[in-house]
Structure formats: C-alpha cells, structure tokens
Visitor: 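Structure provided below as structure tokens; questions to follow.
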Amino acid sequence: MTKFKTKTPNNFDIPRRINRLGELAYNLWWTWQPQAQKLFSDIDNELWERLAHNPILFLRQANRSSLNEAAQKRAYKENYNQVFANFDSYMAKKGSWCDDNHGDFCEKTIAYFSMEFGLHETLPIYSGGLGVLAGDHLKEASDLGLPLMGIGLLYAEGYFSQQISETGWQDALNNPLNFDDLPLVPVMDENDKAVKVSVEFPDRQVSARLWEVRVGRIPLYLMDSDVPENAPEDRQLTARLYWSDINFRIAQEVLLGVGGVRVMRALGHNPGVWHMNEGHAAFQILERARELVAEGKTFEEAIAKTRTNNVFTTHTPVPAGNDEFPLWMIDKYLSSYWTELNLSRDEFVNLARNQQSWGETFSMGVLALRHSDGKNGVSELHGRVARKMWNFLWEDKKPADVPIGYVTNGVHTSTWLAGRLGLLYEKHLGADWLNHLDDPAFWDKVDEIPDNELWEVRNHLKRKMVFYMMERTRRRWMKGGFHPVQAIASGALLDPYVLTIGFARRFATYKRANLILSELDRVLGLLNESNQPLQIIFAGKAHPADEPGKELIQEVYRAVKKAETGGRLVFLEDYDMNVARYLVQGVDVWLNTPRRPNEASGTSGMKAAMNGAMNFSVLDGWWREAYNGHNGWAIGDDVAPDSESQDESDIKSLYATLENEIIPLYYERNAQGVPVQWIKMMKNNLRTITPQFSMRRMVKEYAENLYIPAVK
Ligand SMILES: *Cc1c(COP(=O)(O)O)cnc(C)c1O
C-alpha cells in the first residue's frame, strides 16, 4: 500500500479572517449549500456570475478591497462562522444515517464506477442524465455517511460546449480545461511524486495519474492518461468523453475497469462492494478475478467470489444501447487475460458472448449481468423491460423471474431545489425539513403553505430564469457575430408572466423534441393567444456523432426562428447543469415526450417537480410511477402500440390536454390574481414527488437492498 496524500492547493491571497474560503473552494459541498454559495456571491456577485460559479477562479480574481470589505462586515462574518461550523460538523460525520442504522457496514468501502460524473457546471465531465445521476449519488452518499468512493476518468477537454449557428446547426466546441482552475487535488505519494496506476494495452503499458475531487465526505478519484511516459495517442485517451470511436471506447473502458481496481489497490482500499453504474466499468470483474487467480484460486472460485460483491445498474432499455465489442478487439486488448485466468479464448469469450446481426460480440452488459449478484434497472417499468430483454441469459426462467430488480432513480434535493423554496419550507415545514426529506407523511404539511406565498416564490423563480436568459443573450450579442434572429431565438422577447413550458434534455431522436411542434400552426396560435399566451423553451445537446439528433435540433430551430412565434418559442444554447437549474426552477410545465419504453427513467422531471413545475409527460420511466391523475398530466396512455400509431395518438393527446386543461387552469385566477386550482395541483405534485423521487430514498434503497447484502 502506498502512503498517499492529497494536499489542498492553497495559492490564494485572501484576508486571514476569511482564508478558509480556499478550503471550501476545493470541496464541492458548497455546491449544495445556499449559505456557502453566498460566501462567494456576497463578495462580488457580478464576478461570481461572470466566472460561472467557479470559486477557485473567483478567489484568485476578486479584488482585495472587496475581500477586505466582506471580511469586515458583521453579517458576512456571521454567515462565515455558521457555514464553517456546519462544514466542520458535517465532515466529522457525527450522527450520520449510516452510523445510526447500519454500524459495521459503514466501515467498509463501496467502489462506485461511472464513465461520467455530473457534479457541477465547472467540472464538465458529464454528458447527461447518467452522469448527473452519478454526481447526485455521490452527494447523497456523503449526506448519509455511506463509505463510498467514486472512480472515473478526467477528460482534458471535458464534454463539448454547444453553439447553434444561424441555420440551426450545432457546432461542438472542445476547449481544453485548465486543471489548475478546477477543484482537482493531485494524489501524491510520500515523496511528493504523483501516484499512478498502469494497465496493459497491446504491446505497451498505459499509465494514468490520479486526481481527487472532494464531494463532501466522499472522494472521487479520476484517472488522467496525459502523462509524459505514455505514447502520444495514449495521452489522448482521456482527452474527451468520447464514445463514438470504438477504439477509444474499449481503451477507455479498459482504463476505467482495470485501472479503477488498481486505483483502489494503490490507495490501500479493499472495497466490499463494487458498483458499476452502467456496463462501461465491467472489465473490473476480470481484473479482480485475475487478482484472485494470481493468489492461487481456480477461475471458478475467483469469479464466484467477485460475483457476490458486484452490483450492476443497467440504464438501457434497448439492446442496441448496450456497449459491445467485436471479438477481434477483445483479442487485441484482453488476450493476456485469458492466459492469466487459465481460460481458453473460447471460454473467455463465453463470459460475455452475444450475438448481433453484424456478428458475435463481447457484451459489457452480459459480462456485468452474468457476474453480479446485485442487478437492477432504474424504474419499475425499466426493470420489467430489462428482465424481458435479458431473459435469454436465464433461459430456464420466465421473464418475471429473471433476477434483475429495480431501484427507481431520484435527484439530490439540495442540488436542485431553488434556495427560495428551501426558505419557504423552512418557514412552514420546520427548520429540520431536510431531515424528513424522504418521509411521505411529512410532506402532507405542504398543504399548510399559504397559496399566495408559494405563488410569489414561483413568480420570482420564473422572472429569475427569464432575466438570466435575457442577460445571456445580451452578453452573446455584444460579442458580435450573432444575428438578431438568434438573439430572439435565445430568449430576448420572453415574458416572465406567460405560462412557460420547458423541454430540455439530450437531443436523441426517441425523445421526440419536435412532437409538440407537429402541428406548427396550431402551436403558433397558442403562443400568441391574447388572453392566455404560451411560451416554450427548448435546450439540449445532441451527441456530436448523432446526425439525426443534430437534424432534430435544426428542425426545432427553424420553427424557433419564425417571426410568427413572437419570440415565444426559444432554443437556449449549451444545456448544462447551470442552465438545467434555471429551467427546472423557473418553468411552469416540464414536458417529456419519449417514445415508450425508451426512457429508462429520466430525472429532469423530478427536479422540475420538486420546484413546483408540473410534469406533462408520456407515461414512461419514472413518470409512470409518479403520476396519480392529480399531480401533473399524462400524454397518451399506458399501452405501447407500434411507434407510428404511438406518435399519432400522443400528438392528439398532447394538444387536447394542453388546450383544454393546462392553459385554462393556469390562467384561471382568483381576485388576488392567484391560480388557486393550479396551486392545488402543484401542492399534490410537491407532496407526492419530492419525497419519493429524492436521491435520499434512492441511495437508502441501494444501501439496504444491494450494498449491505453484497458485503454479507
Ligand atoms: C438532469 C439532467 C439530465 C437528465 O435529463 P433526463 O432527460 O430527464 O434524463 C440531463 N442533463 C442535465 C444537464 C441534467 O441536469
């Protein structure tokens, strides 16, 4: 075991009285603490916004007089003391849920592997829902005191940022990240040399150094292959969250899976649970079996032993969505494994053999499912779909008996809830409302919040979102090269008092972003209906290699540019966690129109719901579980016909509900201008969705149903 250390870089020149801000900047705990965020924004709000909420850059660039001034203000100092008192007691792990309920288990280590982590907009190592789920999982594991460690890759260029050209085409910009500006702490050994792991590639070794990201009490270790001893192409291996080239993909997955095990070993950890968030990390199974065979176990003993500790979460409801590699690539990258495992090539391939129309493959999903005792999908429906889809691996079983369960996804409340709503809950539900987060009975108290107070906060949040979009548009306009119609397309004419629908997510074709635009003239009419107008805001990136996804953006953008929209159809560029926060907190209605059952769960609708936006969605993924007829609206019904007739009936249902129910309900006001019936529904929505779809409920389920059994 290497002795290792992670020393917080402290190269800030800030007044002594407030110098722990430097420490806070290196622990993402601040990202889910509104009071801690205020410690930065109260110094210089304009700079804080301009630097996109990056506290490290902020502390370097804030001018000395603003820092001094803050350090002398009484209110600032009081908040400072309070925040650090909270931080210190949080980090000391006193009275955590884990300790109080599961004593010994809390001393084990859970290794949590993911190809992407969405923790904050300043660390763009995520592309969408999978990554944000992983980031939220780490935050909640920290809150609950679970002994979890994250393992992933550090992408030198992050995920791309998106610009939309005047013709609606997505341009992907890849800018190198400056690690020095990010909350990354290098992992060093006792001689101040970087701790490294290495993995065998065809005819060579590839090394990676390690960085630690602190997520409250949880460390996330990221591997970075850009080290001098690697060949130039291997130094590029972690350049991008890059899944389109199959060569890069297998190489990244070898690094993640095999390298990830070696990270744990290098740091002296012996995890009792190995959780794979999607199949990308499944090679870890082979590496751990190899370790045991090297210790003298037979292959059968070794693989049986690893199986008990493995937890695999599948996120894909369609066979084509799973990662698979042609066998020649397996020969190229993994031939040393079958010798070391004492297997023939054929026996080795059998561990994960699958048949595709284009030939035989080595399937990461099959590898993980066959060799994990804990297996789950991410919603009830997805569990069912997964059992059917993988039935061929358990030929003697009926679909219902296939051993794949489900844990429905959730979202980390403190990350996604608007600060103002948090204050309202404090006032009416009690100062300790966060301790009751996943207790459905507690949320009945929502009914006691006065309608006008809730409505006031909702209006504030929508104004905040609209002004944010206008300000972004203004700054973009001032940079030049922006056609006036693009300024209008990005929100210059939005109105903070109009019923607003949000649609923001990855632009994959099955999500049918254009469904609501199917009858464009009808929509144009609704946008400009004089007494009850409507606005629709779109945002989302398409994977750079997904041409149909990019064409879909273009199609939406063509509609957005039409003069007849009155500026009320908008496409917001560069969807990320920051934009997502504004949207889920600001819009009135959250629209989701996946083609069933392609949405394994979805999570953005949960973020919107807990902020008081109502979901208006196809009964797929999580919404099928959450919808009760009184807490939002369903599009279509629960049966899945063929996709063409589904499109048709969904379009009909969408327009009918929008015109006959949603719009009238929103504009029906009492004498004080409050939409009483709308708020009644909003309260149903808050009460039923906030506790049930919280990350707290989700991580407790993982702990009790999957992690604890794996340790035993
Ligand atoms: C929550 C979130 C997602 C997931 O959205 P779904 O479409 O509901 O799965 C994707 N991207 C970002 C930036 C998010 O915050």
Side-chain angles (χ1 to χ4, degrees), residues 31-32 52-53 114-137 139-140 158-162 241 277-278 313 315-317 321 377-379 381-382 408-418 465 502-513 515 537-543 549 552 572-587 589-611 613 615-626 632 689 693-695 698:
T31 65
W32 70 95
H53 315 140
S114 184
M115 202 63 154
E116 45 176 302
F117 287 91
L119 289 155
H120 189 253
E121 56 268 24
T122 50
L123 197 60
I125 55 171
Y126 62 95
S127 72
L130 182 74
V132 175
L133 185 84
D136 277 8
H137 194 121
K139 292 170 185 173
E140 189 62 50
Y159 196 55
F160 74 96
S161 34
Q162 177 197 52
L241 180 48
N277 185 43
E278 199 41 289
T313 302
H315 292 263
T316 320
V378 290
S379 69
L381 178 62
H382 176 233
T408 303
N409 284 345
V411 292
H412 186 247
T413 309
S414 304
T415 296
W416 296 104
L417 187 76
M465 171 190 75
F503 182 101
R505 48 186 47 83
R506 236 165 8 94
F507 268 64
T509 46
Y510 78 83
K511 297 193 184 232
R512 300 186 297 182
L515 197 78
I537 302 173
F538 291 92
K541 296 173 178 175
H543 189 284
L552 196 55
L572 196 54
E573 284 179 326
D574 206 21
Y575 184 51
D576 68 353
M577 289 181 72
N578 188 38
V579 172
R581 241 180 1 253
Y582 277 101
L583 290 175
V584 298
Q585 295 175 2
V587 303
V589 173
W590 194 256
L591 175 70
N592 194 12
T593 49
R595 191 173 282 132
R596 225 178 1 245
N598 285 271
E599 186 89 318
S601 168
T603 51
S604 58
M606 304 173 189
K607 302 168 194 166
M610 68 160 69
N611 281 293
N615 279 273
F616 177 32
S617 296
V618 168
L619 292 171
D620 195 9
W622 80 280
W623 184 234
R624 205 190 128 274
E625 271 161 74
I689 295 172
F693 297 91
S694 65
M695 194 43 84
M698 183 192 110

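The chain is numbered in sequence order, starting from 1. We count ligands from 1, going down the list as the structure has it; atoms in each ligand are counted the same way.
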Visitor: Could you tell me whether the side chain of Y126 and the main chain of G135 form a donor-acceptor pair under 3.5 Å?
Guide: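 Judged by distance alone, no pair lies under 3.5 Å.
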
Visitor: Anything under 30° is parallel, anything over 60° is perpendicular, the rest tilted; go ahead and classify F538 against F503.
Guide: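 Answer is tilted, since the angle falls between 30° and 60°.
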
Visitor: Show me the pairs that pass salt bridge (charged side-chain N to carboxylate O under 4.0 Å, His left out) and involve residues 126-137, at least two apart or across chains.
Guide: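 The answer is none; no pair qualifies.
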
Visitor: Restricting to ring-ring contact (aromatic ring centres under 6.0 Å, His included), what partner residues turn up for H53, sequence neighbours left out?
Guide: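 For H53, the residues satisfying ring-ring contact (aromatic ring centres under 6.0 Å, His included) (neighbours in sequence not counted) are W48.
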
Visitor: Between S114 and N277, is there a side-chain donor-acceptor contact under 3.5 Å, judged purely by atom types and distance?
Guide: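 Yes.
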
Visitor: In a simple table, one pair per line, please give the protein and ligand 1 atom names for every N or O pair closer than 3.5 Å, along with the distance.
Guide:
| from | atom 1 | to | atom 2 | distance (Å) |
| --- | --- | --- | --- | --- |
| ligand 1 | 7 (O) | R505 | NE | 3.4 |
| ligand 1 | 7 (O) | K511 | NZ | 3.3 |
| ligand 1 | 8 (O) | T603 | N | 3.0 |
| ligand 1 | 8 (O) | S604 | N | 2.8 |
| ligand 1 | 8 (O) | S604 | OG | 2.7 |
| ligand 1 | 15 (O) | K607 | NZ | 2.6 |

Visitor: Test of understanding: with side-chain contact (heavy atoms from CB on, under 4.5 Å), list the residues that count as partners of D574, not counting sequence neighbours.
Guide: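 If we apply the side-chain contact (heavy atoms from CB on, under 4.5 Å) test to D574, skipping adjacent residues, the hits are S161, Q162, R472, K541.
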
